[in-house]
Amino acid sequence: GQTTTWTEGNFTVQAGTEFTNEAGATVDISADSHLLHSTGTFDNDGEVNVNLSDNAQNFFISVSNLEHDGDLNLNTGKLNLDSTNANYGATSTVTGATGTEIEFGAGTHDFAAGSVLTADHLEVDSGTVNISGTFTPTDGKSLQVNAGTLDFKAGSTITGNALGDVGMINSTLRLDTGSGDKTFNTLSILGSLGDLEGADNVDVTGLTTFNFGNMSGSGTTIALGGLDMDTNNSKSLRDSRLLVNAAGQTASWTDGQFQI
């Protein structure tokens with residue numbers, strides 16, 4: 001039932017060592033940006049609360065091994081999770097309040113069935129995030145995948161089946177939840193390695209920008225708010241993917257190849 005208060009400086013956990021926050025214990029992090037840096041292990045079974053001075057401040061967890069079975073609450077600021085191996089157990093929660101941002105960097109981040117990830121703005125950069133639990137978008141509902149992979153596994157849940165504004169640059173977004181059609185406000189696929197994959201159907205209520213990359217898997221993408229393919233780059237549909245330009249909408253294609 002102890003509380004650790006962290007208001008200043010960085011914390012380094014060396015190789016072969018471990019910082020453990022036990023169940024029932026609390027770490028309160030405040031003030032400006034901080035870095036938890038480690039070639040060792042951070043094991044959180046308790047509660048970590050991040051209350052930075054404003055949303056421009058960053059809290060970095062950059063460790064070789066992250067074992068998270070407790071609660072990680074981002075109330076203000078930006079949370080950067082950058083770990084070689086990160087395991088979020090069945091009892092774990094990671095919660096970002098409205099106006100905050102959660103960013104996953106390098107490494108592999110595995111969210112077990114039963115885990116809950118809640119984010120206002122979620123960004124995946126370079127690493128791989130595998131979700132077998134529940135993802136809940138909050139008010140802002142924006143998702144950006146940059147040169148990384150975000151994989152919603154079979155049996156995972158997206159609360160409300162809505163992901164908001166979705167942007168992809170040289171990255172993979174795989175939707176295989178099996179739990180109903182997904183709704184995007186907008187969709188932008190850029191970069192030759194961009195790939196919207198999976199069996200889940202996607203309804204895009206706003207503009208679908210398909211300027212580079214691929215759509216693959218057995219799902220259907222319905223462009224309900226127009227379709228823009230106006231760049232001199234190759235776009236392709238693979239596997240049994242369907243792309244539908246909805247009734248009453250206009251698809252604009254002025255340049256580049258489209259492979260079916």
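Just so you know, these numbers come straight off a predicted model, no measurement behind them. Here, residue 1 is the first one in the sequence, and each next residue gets the next number.
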Interatomic distance, CG@Asp125 vs OG@Ser171, rounded to 0.5 Å, equals 9.5 Å

Cluster question for you: counting only ILVMFWY and a side-chain heavy-atom cut-off of under 4.5 Å, with indirect links fine, are Phe42 and Phe11 together?
yes

Are any non-hydrogen side-chain atoms of Val48 and His68 less than 4.5 angstrom apart?
no

Do you see a donor-acceptor pair shorter than 3.5 Å between the side chains of Thr98 and Asp120?
no

For residues Arg241 and Thr221, is any side-chain donor paired with an opposing acceptor at under 3.5 Å?
yes

Side chain of Lys153, backbone of Asp151: donor and acceptor closer than 3.5 Å?
no

Kindly work out whether a path of hydrophobic side-chain contacts (I/L/V/M/F/W/Y, heavy atoms less than 4.5 Å apart) joins Val202 to Met229.
yes

Do side-chain atoms of Thr205 reach the backbone of Phe184 as a donor and acceptor pair under 3.5 angstrom?
yes

Contacts of type salt bridge (charged side-chain N to carboxylate O under 4.0 Å, His left out), residue Glu103, not counting sequence neighbours:
Lys78

Ring centroid separation Phe135 to Phe111 under 6.0 Å:
no

Between Val166 and Leu173, is any pair of side-chain heavy atoms under 4.5 Å apart?
yes

Please round to the nearest 0.5 Å and tell me the distance separating atom CG of Leu117 and atom CD1 of Ile102.
5.5 Å

Where is the tightest heavy-atom contact between Ser83 and Leu66, given as atom of each residue plus distance?
OG-CB, 3.9 Å

Give a yes or no on whether Val116 and Ile61 share a hydrophobic cluster (residues Ile, Leu, Val, Met, Phe, Trp, Tyr; joining criterion: side-chain heavy atoms under 4.5 Å apart).
no

Judged by modelled atom types alone, do Thr209 and Asn211 share a side-chain donor-acceptor pair under 3.5 Å?
no

When the ring centroid of Trp6 is compared with that of Phe59, is the distance short of 6.0 Å?
yes

How close do Asp69 and Thr91 get, counting heavy atoms only, and between which atoms?
O-OG1, 2.8 Å

Closest non-hydrogen contact found for Leu72 with Leu81 is CD2-CD2, 4.4 Å

CG/Asn245 to CD1/Ile222 distance, rounded to the nearest 0.5 angstrom?
11.0 Å

Close side-chain approach of Phe210 and Leu243, heavy atoms under 4.5 Å:
yes

Any donor-acceptor N or O pair under 3.5 Å, side chains Thr26, Glu47:
no

Is the side chain of Ser33 donor-acceptor paired with the backbone N or O of Asn58 at a distance under 3.5 Å, no angle test?
yes

Quick check: are there more than 12 heavy atoms from other residues, nucleotides or ligands sitting under 6.0 Å from CD of Gln2?
no

Of all residues at least two apart in sequence or in a different chain, which pass the side-chain contact (heavy atoms from CB on, under 4.5 Å) check with Ser156?
Ile131, Phe152, Thr177

Taking Thr118's backbone N and O only, do any of them form a donor-acceptor pair with Thr136's side chain (distance below 3.5 Å, no angle check)?
no

Are more than 12 heavy atoms from other residues, nucleotides or ligands located less than 6.0 Å from atom CD of Glu22?
no

Compare all side-chain heavy atoms of Leu150 with those of Arg174 and state whether any distance is below 4.5 angstrom.
no

Separation between CD of Glu67 and CG of Asn21, rounded to the nearest 0.5 Å
14.0 Å

What do the steps show when you test Thr93 against Asp71 for side-chain hydrogen bond (donor to acceptor under 3.5 Å, both in side chains), and what is the final call?
CA-CA 5 Å; Thr93 67; Asp71 301 310; 2.6 Å; yes

Would you say that Thr149 contacts Val124 through its side chain, given a criterion of any heavy-atom pair below 4.5 Å between the two side chains?
no

What distance do Asn73 atom CG and Asn49 atom CG have between them, rounded to the nearest 0.5 Å?
5.0 Å

So, Ser53 versus Asp32: side-chain donor-acceptor pair below 3.5 Å or not?
yes

Consider only side-chain N and O atoms of Asp230 and Thr254, and report whether a donor and an acceptor are under 3.5 Å apart.
yes

Close side-chain approach of Ser188 and Met168, heavy atoms under 4.5 Å
no

Any non-hydrogen side-chain atom of Gln257 less than 4.5 Å from a side-chain atom of Asn233?
no

Can you get from Phe104 to Leu36 by hopping between Ile, Leu, Val, Met, Phe, Trp and Tyr side chains that sit under 4.5 Å apart?
yes

Heavy atoms only: give me the nearest Thr172-Val145 pair and the separation to one decimal.
O-CG1, 3.9 Å

Could you check whether any side-chain heavy atom of Leu52 comes within less than 4.5 Å of a side-chain heavy atom of Ser30, counting everything from C-beta outward?
no

Can you see which heavy atom on Ser64 is nearest to which on Thr84, and at what distance?
O-CB, 3.3 Å

Provide the closest heavy-atom pair for Ala113 versus Ala90 in the form atom of the first, atom of the second, distance.
O-CB, 3.3 Å

Would you check, one step at a time, whether the test side-chain hydrogen bond (donor to acceptor under 3.5 Å, both in side chains) holds for Ser252 with Asp228?
CA-CA 5 Å; Ser252 177; Asp228 179 357; 5.0 Å; no

Straight-line distance of Thr12 OG1 to His37 NE2, nearest 0.5 Å:
6.5 Å

Is there a path of hydrophobic side-chain contacts, each under 4.5 Å between heavy atoms of I/L/V/M/F/W/Y residues, joining Phe258 to Leu196?
yes

